[in-house]
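See below for the structure under consideration.
Residue numbers start from 1 in every chain, and the chains themselves are labelled A, B, ... in the order their sequence lines are given, proteins ahead of strands. Reckoned from all heavy atoms, side chains included, excluding hydrogens, waters and symmetry mates.
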Amino acid sequence: MNPQYQPKAVEPEVQQEWAATRAFVAPDASAKPKYYCVSMLPYPSGKLHMGHVRNYTINDALYHYMRMKGWNVLMPMGWDAFGLPAENAAMANGVPPAKWTWENIAYMKKQCQAMGWAIDWTRELATCSPSYYRWNQWFFLRLWEKGIVYRKTGVVNWDPVDQTVLANEQVIDGRGWRTGAPVEKREIPMWYMRITQYADELIDSLDGLGWPEQVKQMQRNWIGRSYGVEFTLPYAPETAARMGGPSAGGKPGLKVFTTRADTIMGITFAAVAAEHPLATEAAKGDPKLAAFIDECRKGGVQEAELATMEKKGMPTGLFVLHPVTGDRIEVWVGNYVLMAYGEGAVMAVPGHDERDFAFAKKYGLRIDQVIEVEGKPYSTDEWQPWYAEYGRNVNSGPRFAELDGKDYAAAIDLVVGKLNALGVEAAKRVQYRLRDWGISRQRYWGTPIPIVRCPKCGDVGVPDDQLPVVLPEDLVPDGSGSPLAKDPAFYECRCPKCGGPARRDTDTMDTFVDSSWYFMRYACPDANAMVDARARYWMPLDMYIGGIEHAILHLLYARFWTKAMRDLGLIGVDEPFTNLLTQGMVLNHIYSRRTAKGGIEYFAPDEVEATVDAEGRVTGARLRRDASPVDYEGIGTMSKSKRNGVDPQDMIDRYGADTARFYVMSANAPTDTMIWSDESVNGSFRFLSRVWGLVHDQVGAGVVPRYSAGELSSELKALRLKLHRAIEKVGDDYGRRLQFNTAIAAIRELLNLYETVKDRSPVARAVAQEVLEDCVLLLAPIVPHIATALWRELRPGTRLLDQPWPAVDPAALVQDTIELVVQVNGKLRGHLQVAAGASREEIEAAALRHDAVLKFTGGQKAKKVVVVPGRLVNVVV
RNA sequence: GCGAAAGUGGCGGAAUUGGUAGACGCACUGGAUUUAGGUUCCAGCGCCGAAAGGCAUGUGGGUUCGAGUCCCUCCUUUCGCACCA
């Protein structure tokens with residue numbers, strides 16, 4: 001055995017053995033229970049980054065632990081290979097996205113293999129393969145047949161110079177990233193998935209999932225189920241005349257939804273979105289209003305932007321009638337009213353809604369109090385939070401006097417009844433914040449939408465036997481519109497129905513489609529169907545691991561997709577992810593500066609020298625190469641575009657994969673945010689070298705059978721106590737708490753104690769053998785290469801991968817005496833040794849005659865003595 | 001703006017159910033070993049204090065025999081906000 005730990009020799013050799021024995025290929029049937037653990041598949045951006053290392057090492061540790069515990073474990077890997085960055089790289093380098101993507105995949109796969117992750121590579125998939133995206137298209141068509149997929153217009157960011165749709169990421173400070181032109185909103189036709197049809201189930205089935213509570217809460221809030229009332233504000237006569245005849249079956253009017261129907265007597269105006277038909281009508285012949293609506297089109301579509309912008313409005317000159325009093329209510333256009341939520345129109349109650357209040361103040365509109373919260377004053381001078389609370393109705397007026405004094409629940413019923421009695425359409429309704437999922441993208445590198453647009457037949461689905469609609473792989477985008485829309489070879493086709501000339505849909509699907517079901521395809525990557533029986537074996541995932549940034553969108557879409565597949569009889573589960581581990585982000589500092597053209601240029605943290613203030617905060621930085629100043633943007637998630645990612649390759653080259661894995665796992669808990677630093681990596685390498693050295697010493701003096709029975713000194717007893725406590729704790733940390741840093745600390749503690757034992761008697765060497773063997777097994781999930789090599793030395797002729805998780809010896813955990821903490825008035829004053837089985841009374845008596853207690857009570861009589869068994873005794877005076 | 005989290009020594013962090021705050025590391029300081037060291041070993045290492053002891057978990061309050069942990073307030077940072085993935 002080499003006296004020195006040399007990972008460069010150990011790791012490739014161990015990896016070859018794994019490959020030669022197909023060690024991580026999981027069978028699709030087994031007498032063991034199955035455990036399916038998946039990490040969110042990586043985007044092949046070029047190289048692995050630290051977030052990947054963290055993600056897949058967590059998964060790998062779980063893989064090994066569960067395997068040792070006797071499960072049939074599967075850990076697959078794939079590539080989220082469609083998306084915008086490939087197009088950007090193509091534009092920058094003139095290389096087609098396909099070539100760039102496949103090269104990245106090849107490189108990153110090598111890196112994964114060098115990390116030694118226990119991936120079953122026989123199931124590898126890339127979402128840009130026709131054999132994968134074919135089933136996106138097939139399923140799209142099935143959902144279209146069911147009415148889950150439909151077409152309507154949607155709002156996008158529009159760059160008026162490049163004449164192209166921009167992703168939110170491509171909008172910087174309200175301008176197009178390439179042209180610098182102010183971005184506008186534009187409505188275009190798109191395909192949607194009716195995820196709202198599943199809204200209730202998506203909320204209700206969260207309850208049974210083993211997910212972090214905050215993620216479930218985020219999903220509930222995102223779906224945003226609210227109970228309210230929908231009703232119609234009838235048009236005033238002249239408005240009705242302008243807006244045309246009554247809608248089918250109803251009186252003409254403005255439909256609104258409110259969760260606060262109890263405040264209906266406080267309506268003083270109404271507001272509609274700029275895109276609302278009423279606004280469009282009012283703008284005819286009103287150039288000022290038309291200009292305002294035009295102004296509302298300026299800017300992008302991001303909600304954060306809309307929510308923080310200044311609330312503006314303009315009266316339309318159109319009126320509706322209050323449904324109870326018949327008072328005339330003016331309709332305003334408000335830039336804060338969202339066309340996508342509810343009906344794109346709101347009743348405004350400035351007396352009890354903060355936004356309406358601010359709006360009314362700004363434009364001098366009336367504010368009426370109609371709700372009273374007991375004991376809290378009301379004044380229209382300044383907004384107070386309690387104005388929006390539930391209370392009792394007041395000032396309801398002579399036409400609705402019976403509403404006064406009612407609480408919220410009673411008021412709602414009363415209002416709905418009253419409106420109906422007055423002949424106004426009104427009903428309780430459930431409203432969701434969730435919107436249907438728009439999946440059309442005006443981009444090249446994605447799944448082509450399998451629809452043909454025929455001048456005679458309209459939209460026609462591509463027949464199943466003509467799937468996949470193959471994406472041409474040799475195009476290079478130029479930044480202005482989709483290359484597919486400029487490629488007649490792609491879009492010119494025949495209508496599958498009538499055979500006449502037709503045009504393909506040149507949009508591609510959102511890449512969230514690709515990531516909504518890949519984890520099912522791993523089970524059967526070669527199936528000549530979307531999924532087969534093997535998916536029924538592996539699904540659902542027993543553990544899904546990925547970044548917290550996916551807590552809402554990706555997880556919600558995948559849950560929806562799974563339910564939709566279930567409803568088509570393709571899979572037998574309601575939920576895809578039984579348990580979820582959301583990994584904290586790996587962050588790093590961000591440095592940038594403006595270019596002369598107005599763009600932004602980013603610099604990697606190792607390219608700059610930070611300048612720090614007295615408190616140690618970074619205030620700015622200078623480039624190392626020419627000392628020119630750059631701006632500090634704070635810390636943020638590692639991303640290629642911000643150039644603050646860290647390539648793990650340097651660390652692997654220098655210390656080996658095991659050290660990189662060990663370091664990342666020992667730094668903090670998986671769910672915690674990690675601000676990147678590699679200052680203490682050498683400590684991890686030092687530890688592994690130390691373990692190597694300890695095994696070397698033991699093996700050098702001769703391998704012995706591990707301790708099984710016999711008299712032990714108190715020192716060896718204490719060592720075995722530490723060992724078996726560690727086995728217990730490490731198993732709990734790996735399997736239940738998913739907290740690997742504390743498991744590592746426990747193993748370090750064990751070895752710290754081990755090294756203090758100088759006894760070399762036969763029984764001591766037997767205990768040493770036990771400690772080292774078990775230690776290697778405890779470490780195996782984190783550092784499998786070195787563990788494999790050390791195991792061979794400790795137990796020649798056996799294989800680490802065949803070993804079960806070590807068993808706890810209950811006899812080793814028995815203690816004769818235990819130490820209790822002694823407190824006086826809750827302050828630590830001393831310690832007390834008591835027999836393990838000491839009674840409460842014995843402990844109390846011992847504490848009261850304890851020196852420290854006598855000293856700090858100063859002879860006063862104890863008022864109370866609190867005994868916490870096994871922990872402490874607190875004397876209160 | 002809205003939703004969800006986080007804040008503990010010089011640094012990463014531990015404290016699992018309200019019960020010894022700082023485990024385990026990194027860095028640093030002193031010493032030993034070594035031809036040498038980015039090696040190894042020993043000791044020290046929250047702050048104030050000579051000590052006894054006191055103070056201390058972002059801020060300010062509260063509950064409790066006892067609070068990093070529970071409640072309220074404020075501050076800061078991170079993630080998400082529907083076309084980055």
Side-chain angles (χ1 to χ4, degrees), chain A residues 40-43 45 80 82-85 88 154 156-157 165-171 212-215 217-218 220-222 224 300-309 336 340 355 433-443 510-512 515 547-554 556-557 582 584-585 587 616 634-637 639-641 666-669 671-675 677 679-684 686-687 689-690 693 729 732-733 736-737 739 741-742 744-749 752 819-828 831 863-866 868 871-877:
Chain A
M40 292 179 189
L41 83 179
Y43 180 79
S45 57
D80 190 13
F82 275 138
L84 206 49
N88 295 339
V156 294
N157 301 305
V165 176
L166 296 178
N168 284 334
E169 192 187 54
Q170 298 171 317
V171 179
E213 198 45 53
Q214 70 264 28
V215 176
Q217 194 55 43
M218 279 192 261
R220 284 185 201 108
N221 293 343
W222 181 262
V301 298
Q302 293 169 66
E303 192 187 300
E305 186 187 331
L306 298 174
T308 48
M309 73 190 176
Y336 63 96
R355 209 167 40 180
R433 206 189 75 95
L434 180 69
R435 312 200 287 260
D436 278 341
W437 177 14
I439 61 153
S440 295
R441 297 291 179 270
Q442 298 68 46
R443 291 186 222 300
D510 181 2
T511 54
F512 275 126
S515 55
I548 183 70
E549 74 274 22
H550 296 293
I552 295 176
L553 290 179
H554 161 60
L556 194 63
Y557 292 142
T582 46
M585 303 296 292
L587 308 180
I635 52 174
T637 159
S639 83
K640 202 173 169 134
S641 58
S666 63
N668 60 5
T671 50
D672 287 351
T673 296
M674 178 184 226
I675 299 172
S677 157
E679 266 183 9
S680 53
V681 189
N682 56 341
S684 297
R686 211 181 293 161
F687 175 76
S689 302
R690 192 174 134 211
K729 174 167 176 59
D732 189 44
D733 280 350
R736 181 183 66 89
R737 296 179 72 209
Q739 193 164 306
N741 52 332
T742 48
I744 287 171
I747 298 170
R748 282 178 178 274
E749 273 189 69
N752 286 349
E819 188 181 69
L820 294 184
V821 161
V822 177
Q823 294 182 333
V824 176
N825 289 336
K827 291 204 166 166
L828 174 68
H831 298 269
K863 217 195 290 178
K864 185 174 173 187
V865 180
V866 182
V868 182
R871 284 208 178 255
L872 60 74
V873 45
N874 183 19
V875 178
V876 186
V877 295

In whole Å, what is the span from the [atom1] atom of [X] to the [atom2] atom of [N]?
X: A/Arg433; N: B/A4; atom1: CZ; atom2: P; answer: 11 Å
X: A/Met40; N: B/C84; atom1: CE; atom2: P; answer: 17 Å
X: A/Ile675; N: B/G7; atom1: CD1; atom2: P; answer: 12 Å
X: A/Glu749; N: B/A15; atom1: CD; atom2: P; answer: 12 Å
X: A/Leu828; N: B/G68; atom1: CG; atom2: P; answer: 13 Å

Give a yes/no answer on whether the side chain of [X] brings an N or O atom under 4.0 Å of OP1 or OP2 in [N].
X: A/Thr511; N: B/A85; answer: yes
X: A/Gln302; N: B/C2; answer: no
X: A/Arg441; N: B/A82; answer: no
X: A/Asn741; N: B/G25; answer: no
X: A/Asn825; N: B/C65; answer: no
X: A/Arg435; N: B/C81; answer: no
X: A/Asn168; N: B/C81; answer: no
X: A/Asn752; N: B/G25; answer: yes

If you find the nucleotide of RNA chain B closest to A/Gly83 and the one closest to A/Leu587, which residue's nucleotide is nearer the 5' end? A/Leu587
With nearest nucleotides of RNA chain B determined for A/Arg690 and A/Val301 from heavy-atom distances, which residue corresponds to the more 5′ nucleotide? A/Arg690
Dump the pairs, protein N or O against N or O of nucleotides 51-56 of chain B, anything under 3.5 Å, distances to one decimal.
from  : atom 1 : to       : atom 2 : distance (Å)
B/G53 : OP1    : A/Lys855 : NZ     : 3.0
B/G54 : OP1    : A/Arg829 : NH2    : 3.1
B/G54 : OP2    : A/Arg829 : NH1    : 3.3
B/C55 : OP2    : A/Lys827 : NZ     : 3.1

Once you apply a heavy-atom cut-off of 4.0 Å, does [X] come out as touching a base, just sugar-phosphate, or nothing?
X: A/His554; answer: nothing
X: A/Ala667; answer: sugar-phosphate
X: A/Val681; answer: nothing
X: A/Phe512; answer: base
X: A/Val821; answer: base

For a side chain to side chain contact (heavy atoms under 4.5 Å, CB included) check, start with the C-alpha distance between A/Arg441 and A/Leu84, then their side-chain angles and the critical distance, and finish with the verdict. CA-CA 10 Å; A/Arg441 297 291 179 270; A/Leu84 206 49; over 6 Å; no
Using the C1' atom as the reference point in each nucleotide, state the distance between B/G68 and B/G18 in Å, no decimals. 11 Å
Taking atom P in both B/C72 and B/A4, compute the distance separating them and give it to the nearest angstrom.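 Their P atoms lie roughly 13 Å apart.
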Would you list the protein and nucleotides 69-72 of chain B atom pairs, both N or O, that sit under 3.5 Å from each other?
none

Just name whichever nucleotide pairs with [N], Watson-Crick or G-U, keeping both distances under 3.5 Å, else none.
N: B/A43; result: B/U29
N: B/A56; result: none
N: B/G3; result: B/C79

Whether the side chain of A/Arg736 and the base of B/U16 hold a donor-acceptor pair under 3.5 Å is what I'd like checked.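 Looking at the base of B/U16, it does pair with a donor or acceptor on the side chain of A/Arg736 (distance under 3.5 Å).
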Which nucleotide in the list [options] gets nearest to the side chain of [X]?
X: A/Tyr43; options: B/A85, B/U16, B/A14; answer: B/A85
X: A/Asn874; options: B/A82, B/A14, B/G19; answer: B/G19
X: A/Val866; options: B/C26, B/C65, B/A15; answer: B/C65

